[in-house]
Amino acid sequence: MKPLDPRLARYAKAARRWIILTACLGLAQAAAIIGQSFAISGAISPVITRQAGLSAVAPALVALAAIGCLRCLLTYTRARLAHRSARNAIAELRQQVVDHARSLGPRWIGVKGADTATLATRGLDDLEPYFVDYLPQLMLAATVTPLSLAVILFLDWISALVAIITIPLIPVFMILIGRLTQAFADRRLATMQRQGRQLLDLIAGLPTLSALGRTKGPEREITRVGRHFVDATMSTLRVAFLSGAVLEFISVLSVALVAVEVGMRLVYGHIDLFTGLVIIMLAPDVYAPIREVGKHFHASSNGVAAANAAFEILETPRPPSGNVPVPGTRLPLVLDEVSVPARGTWAPFSLSGRIEPGRLTVLAGPSGAGKTTILNVIMRRLQPSHGRVLLGETNIDTLDERQWWSQLSWLPQRPVILPGTLRQAIGVDAPQDKLEHAAKTAGFLEVVRQAPDGWETTIGSGGIGLSVGQRQRLALTRLLLEEAPYVFLDEPTAHLDHDLERHVLDTIEALKRQGRTIVAIAHRPSLIAAADAVLTVESRPMDANERQQWANSNDVPAATPAPSEPGLLDLLDDEVTYP
């Protein structure tokens with residue numbers, strides 16, 4: 001990232017305000033530093049040269065005290081506002097990263113979702129030193145250094161010439177060390193993202209690993225990655241400390257050159273004491289802001305690496321979005337030769353069919369044929385490489401995305417359930433009689449009656465406190481209460497016994513009576529038998545030319561399957577009833 005990357009101001013309004021504020025504070029700080037130097041010199045030089053009394057230097061002492069209070073106030077204001085601005089800017093950037101990642105679709109999330117989750121949850125926190133320490137120092141370097149140098153040039157051009165010659169030494173060494181520090185910071189971020197991916201995979205598979213007695217291997221791997229993360233962090237800190245020491249040495253040496261030159265000329269009477277004192281006191285403030293910029297840049301390099309990763313996501317082009325209003329809610333969905341690449345195959349391959357309104361249409365076919373992919377295509381979470389999907393006579397790719405999503409209800413194999421009471425988990429504001437009727441139809445009312453506090457019983461994230469079947473019935477109750485005309489079900493009877501399967505079929509019948517269009521993925525004969533129409537989904541392996549053509553024309557590898565259920569990024573949004 002550049003010293004002051006304009007993308008930061010573009011994506012975070014809080015950062016834009018903070019940049020303007022620090023520029024104003026920097027100008028005030030520069031004026032205070034220059035005024036303080038003149039006040040100190042005005043108080044000391046008369047005493048040394050003329051043995052002046054207290055009354056003669058009293059105005060200079062009063063000015064010095066006032067300027068000292070002003071500098072304290074400026075420092076306090078900057079420190080107080082810095083952390084607040086940093087938190088607001090990071091929150092804005094985090095929200096935009098999550099929103100943009102969601103808009104890129106499940107196939108992109110399948111490739112980079114874990115890295116994005118790590119970046120959004122922990123990586124961007126490292127950007128705080130950039131806002132709190134680096135940006136203010138950058139503004140001081142842009143204000144204090146040139147203004148102090150201008151005053152020295154006005155007072156004595158020889159001292160200004162020495163400062164101008166020595167100032168470039170600091171940025172030269174800062175650039176040389178900064179390149180090394182940035183490499184270490186990038187390595188640390190990559191290690192943190194790899195650790196995040198492995199940790200998420202481990203958590204997802206922990207019940208299976210525990211049942212098989214295979215928890216030791218992943219435990220050792222996480223420990224190994226953790227050690228690499230610590231090593232990368234310590235390497236970055238070592239380089240940061242080294243760079244700070246080098247910059248401090250060069251700064252002190254440069255100030256010493258100016259002081260020696262002024263001292264020699266004072267001895268020979270080539271410069272008066274007042275001017276010499278002002279120059280000697282201003283000299284450190286010529287170099288200090290530049291030195292601090294280098295020091296804090298290295299300390300904030302982890303945040304800079306995270307910001308670059310965030311900008312890379314935000315600048316990834318979104319799939320094209322239409323703006324055509326949804327033409328109606330009682331129109332058929334027409335699949336016209338739809339093909340989508342996945343795992344080196346076309347899955348599905350050239351699927352055509354018609355989904356009639358108010359009926360149950362089942363997608364059947366072998367595992368991996370692309371049934372979930374078809375649902376994602378209809379829901380505008382994926383775009384087909386070939387073919388199209390029509391709502392009546394309108395291509396759904398031209399529809400207004402948000403308006404289309406508002407017409408959909410989506411039940412994955414693992415329903416998204418937020419923590420709270422059972423009533424809150426339903427997430428639909430409905431009268432009590434309507435709520436209980438829907439719960440009875442879905443078989444969830446008996447669960448509520450057995451719960452200790454009824455509808456006010458608290459459950460955890462993901463439905464902790466409920467069994468798998470109870471979570472499914474809760475999600476079915478939610479579907480019945482929603483009014484979206486199109487309902488998509490991904491294996492709604494998977495892993496359920498006969499009694500629970502009956503509740504699913506009853507719910508589907510109730511949805512049909514409401515006039516809603518239902519599309520379900522099914523393997524079980526009972527659900528297929530209840531269908532009004534069955535679309536058989538088939539796949540076909542890509543030939544070598546197709547595989548190469550796809551790999552060359554897309555950033556996302558063709559071997560990456562689309563996830564069949566919401567991931568972590570889906571859980572970060574309140575809109576859980578549609579994609």
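- Judged purely by atom type and a 3.5 angstrom limit, H100 uses its side chain to pair as donor or acceptor with the backbone of T316.
- Looking only at distances, no side-chain donor or acceptor of S41 sits under 3.5 Å from a matching main-chain atom of S37.
- For the side chain to side chain contact (heavy atoms under 4.5 Å, CB included) with Q29, the qualifying choice from D285, L70, T143, T75 is T75, the only one to do so.
- Pairing each heavy atom of Y11 with each of E315, the nearest pair is OH-CG, 3.5 Å.
- Between I48 atom CD1 and I44 atom CD1 the span is 6.5 Å, to the nearest 0.5 Å.
- Side-chain contact between D156 and R265 is present, with at least one heavy-atom pair separated by less than 4.5 Å.
- With a 4.5 Å cut-off on side-chain heavy atoms, I280 and V258 do not count as touching.
- Contact record, L147 with L27: CD1-CD2, 4.4 Å, taken as the closest heavy-atom pair.
- Contact annotation: the side chain of F311 approaches that of L93 to within less than 4.5 Å [non-hydrogen atoms, C-beta and beyond].
- Of the possible polar contacts, one joining the T166 side chain to the A163 backbone as a donor-acceptor pair under 3.5 Å is found.
- Summarising the geometry of V98 relative to A120, their closest heavy-atom pair is CG2-CB, 4.0 Å, with the distance given to 0.1 Å.
- To the nearest 0.5 Å, atoms CG (N323) and CD (Q403) are separated by 10.5 Å.
- Contact annotation: the side chain of L277 never approaches that of I40 to less than 4.5 Å [non-hydrogen atoms, C-beta and beyond].
- Residues I279 and I271 meet the side-chain proximity criterion, which asks for heavy atoms closer than 4.5 Å.
- Judged by distance alone, the side chain of T145 and the main-chain N or O of V286 form a donor-acceptor pair under 3.5 Å.
- We find the CD1-CD distance between I34 and Q36 to be 11.5 Å, quoted to the nearest 0.5 Å.
- Between Q424 atom CD and I417 atom CD1 the span is 13.5 Å, to the nearest 0.5 Å.
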Checklist entry - Given D125 and R94, is the salt bridge (charged side-chain N to carboxylate O under 4.0 Å, His left out) satisfied, shown in steps? => result CA-CA 9 Å; D125 288 337; R94 177 179 286 123; 2.8 Å; yes

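- In this structure, L54 and L61 have side chains that are in contact, with non-hydrogen atoms separated by less than 4.5 Å.
- Heavy atoms only, all atoms of each residue included: D272 and L266 are closest at O-CD2, 3.5 Å.
- The two residues S159 and V262 make their nearest non-hydrogen contact at OG-CG2, 3.5 Å.
- Taken from OG1 in T398 to CH2 in W404, the straight-line distance is 11.0 Å, to the nearest 0.5 Å.
- Contact annotation: the side chain of R78 approaches that of L140 to within less than 4.5 Å [non-hydrogen atoms, C-beta and beyond].
- A425 and I459 make their closest contact through CB-CD1, 3.9 Å (heavy atoms, listed as atom of the first residue, atom of the second, distance).
- Note that CD1 of I313 and CG of L104 are 8.5 Å apart. Values are rounded to the nearest 0.5 Å.
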